[in-house]
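Note sheet for the following structure.
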Amino acid sequence: MEKIKRTKGEQVLYCFVFTVLTIYSIFILYHFYFLLQLATKGNAVEYYDAVIVDTLATWSDNFTLNNFTKAFTALTDDYGNTFLGMTFNSIWFSVGSMVISLFFESAVTYIICKYNFRGRTLLYNLVIFRLMLPIVGSLPSAYRVYKAAGLLNSPKILITAMDALTGANFLIMYSFYKGISWDYAEAAFIDGANHFQVYFQIMVRMALPAISVLFITGFIGRWNEYMTISIFMPQLPTLSYGLYMFEQNMKYSGGDMPVYFAGVLIAAIPCITLFIIFQNSIMQTVHMGGLKG
């Protein structure tokens, strides 16, 4: 392999960027290191003693991994949801909402990108305009609509994921479909394929890298979501919301903080694992989407 030759300016810039990213990575990893120290404290008394004498960032003399086992039984909420129950809620909510969301986003984006119809440009511009609008103030009205439709505290809330014309996912999917030649579809039409076959058997497969990456990043976001759950699904808490409420209750009544931090580490495992496995695919897909756009 031919060695890449860099100018002195490029070498200086490369070293600077490498140093900054290395320092940033150390800071990120230290948070997990510190979290592991907290999760392995011997008991709650030792934790609060460490708070008083400011020795939290040290390894416990009574180092134990039992807190990770206790997390599965100790972390419960007022509705009787256990750690495993919250984990199950996180799975169906994260996976279900992303499957529904990406299906409609992909289909709608494909139609806007590849088919000429009256109002196509207007629809595209409306989507772009929608991305610029703040939506924080719409939460009360959304709550009233969900309540009237019987979607609160119910898996039926997944149908709200059909909102396919919002978010940056539309732009990413649009850029990928735009980069796929229509010649593939025309060849399929000549062979007798219909529009549904062209979409599901050709276009979706070619856009699968983008769809899979959007699924992973969206899954991570929904797995860590707790504010939406606290408003619309408090009786069906996900793991993130359950841990949040457990931590809030301990502020006033005290509690086994090492067990809580052990639960936080366990809850982070799926997202960390997914990102480590697919990090190259994520970065390549986002980069390619930017170029095609």
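Predicted model, so just to flag it, every value in this text is computed and none were measured.
Of the residues Phe232, Tyr244, Phe93, Phe246, the one that meets the ring-ring contact (aromatic ring centres under 6.0 Å, His included) test with Tyr226 is Tyr244.
Within 6.0 Å of CG in Asn125 there are more than 12 heavy atoms belonging to other residues, nucleotides or ligands. The 12-atom threshold is exceeded at OH of Tyr30, counting heavy atoms of other residues, nucleotides or ligands nearer than 6.0 Å. Atom CZ of Phe88 sits in a sparse spot, with 12 or fewer heavy atoms from other residues, nucleotides or ligands closer than 6.0 Å. Atom OH of Tyr24 has 12 or fewer neighbouring heavy atoms from other residues, nucleotides or ligands inside a 6.0 Å radius. Shown here is Arg205, whose CZ atom has no more than 12 heavy atoms of other residues, nucleotides or ligands within 6.0 Å.
For Ala207 against Met173, the heavy-atom pair with the smallest separation is CB-CE, 4.4 Å. In this structure, Val259 and Ala74 approach most closely via the heavy-atom pair CG1-CB, 4.0 Å. Closest approach of Ser97 and Arg222 over heavy atoms only: OG-CD, 2.7 Å. Here the shortest heavy-atom pairing between Asn81 and Met86 reads O-CE, 3.4 Å. Between Leu35 and Val264, the shortest heavy-atom contact is CD2-CG1, 3.9 Å. Phe261 approaches Ala39 most closely through the heavy-atom pair C-CB, 3.9 Å.
With rounding to the nearest 0.5 angstrom, the CG atom of Leu75 is 9.0 Å from the CG atom of Asp256. Separation of atoms OH (Tyr241) and OG1 (Thr238) is listed at 9.0 Å; rounding is to 0.5 Å. Annotation: the span from Phe176 atom CZ to Ile172 atom CD1 amounts to 8.5 Å, rounded to 0.5 Å. Rounding to the nearest 0.5 angstrom, the gap separating the OG atom in Ser94 from the CG atom in Leu239 is 10.0 Å. Atom CE in Met206 sits 5.0 Å away from atom CD1 in Ile180 (nearest 0.5 Å). Distance CG/Leu265 to CZ/Phe68: 5.0 Å, rounded to 0.5 Å.
Ile269 and Ile277 fall into different hydrophobic clusters, where Ile, Leu, Val, Met, Phe, Trp and Tyr residues are linked whenever their side-chain heavy atoms come under 4.5 Å apart, directly or through other members. Hydrophobic clustering (ILVMFWY, side-chain heavy atoms < 4.5 Å, transitive): Val204 and Phe196 are in one cluster. Under a hydrophobic-cluster definition in which Ile, Leu, Val, Met, Phe, Trp and Tyr are linked whenever side-chain heavy atoms come within less than 4.5 Å, directly or via other members, Phe104 and Ile157 are assigned to the same cluster. The cluster map of Ile, Leu, Val, Met, Phe, Trp and Tyr, joined by side-chain heavy atoms under 4.5 Å apart, puts Ile26 and Phe16 in different clusters. The cluster map of Ile, Leu, Val, Met, Phe, Trp and Tyr, joined by side-chain heavy atoms under 4.5 Å apart, puts Leu13 and Ile23 in different clusters.
Taking the six-membered ring for Trp and thresholds of 30 and 60 degrees, Phe215 and Phe219 have nearly parallel ring planes, at less than 30 degrees apart. Note: Phe200 and Phe103 have parallel aromatic rings, judged against thresholds of 30 and 60 degrees for the angle between ring planes.
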Would Gln37 and Phe63 count as a side-chain contact (heavy atoms from CB on, under 4.5 Å) here? Give the steps. CA-CA 9 Å; Gln37 289 179 319; Phe63 178 91; over 6 Å; no
So Met98 and Ile211, side-chain contact (heavy atoms from CB on, under 4.5 Å) or not? Walk me through it. CA-CA 10 Å; Met98 285 310 304; Ile211 295 174; over 6 Å; no
Report the C-alpha distance between Asn153 and Tyr79 in whole Å, list the side-chain angles of each, state the deciding distance to 0.1 Å, and finish with yes or no for side-chain contact (heavy atoms from CB on, under 4.5 Å). CA-CA 12 Å; Asn153 296 308; Tyr79 299 101; over 6 Å; no
Run the side-chain contact (heavy atoms from CB on, under 4.5 Å) check on Arg118 and Arg120 step by step: do they pass? CA-CA 6 Å; Arg118 182 175 299 178; Arg120 170 191 176 191; over 6 Å; no
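A donor atom on one side chain and an acceptor atom on the other are not found under 3.5 Å apart for Ser60 and Tyr47.
Judged by distance alone, with hydrogens and angles left aside, the side-chain atoms of Tyr124 form no donor-acceptor pair with the main-chain N or O of Ile112 at under 3.5 Å. Proximity of a side-chain donor or acceptor of Trp223 to a complementary backbone N or O of Ser240 within less than 3.5 Å is not detected.
Checked against side-chain contact (heavy atoms from CB on, under 4.5 Å), Ala193 has the following partners two or more places apart in sequence or in another chain: Ala188, Gln197, Val198.
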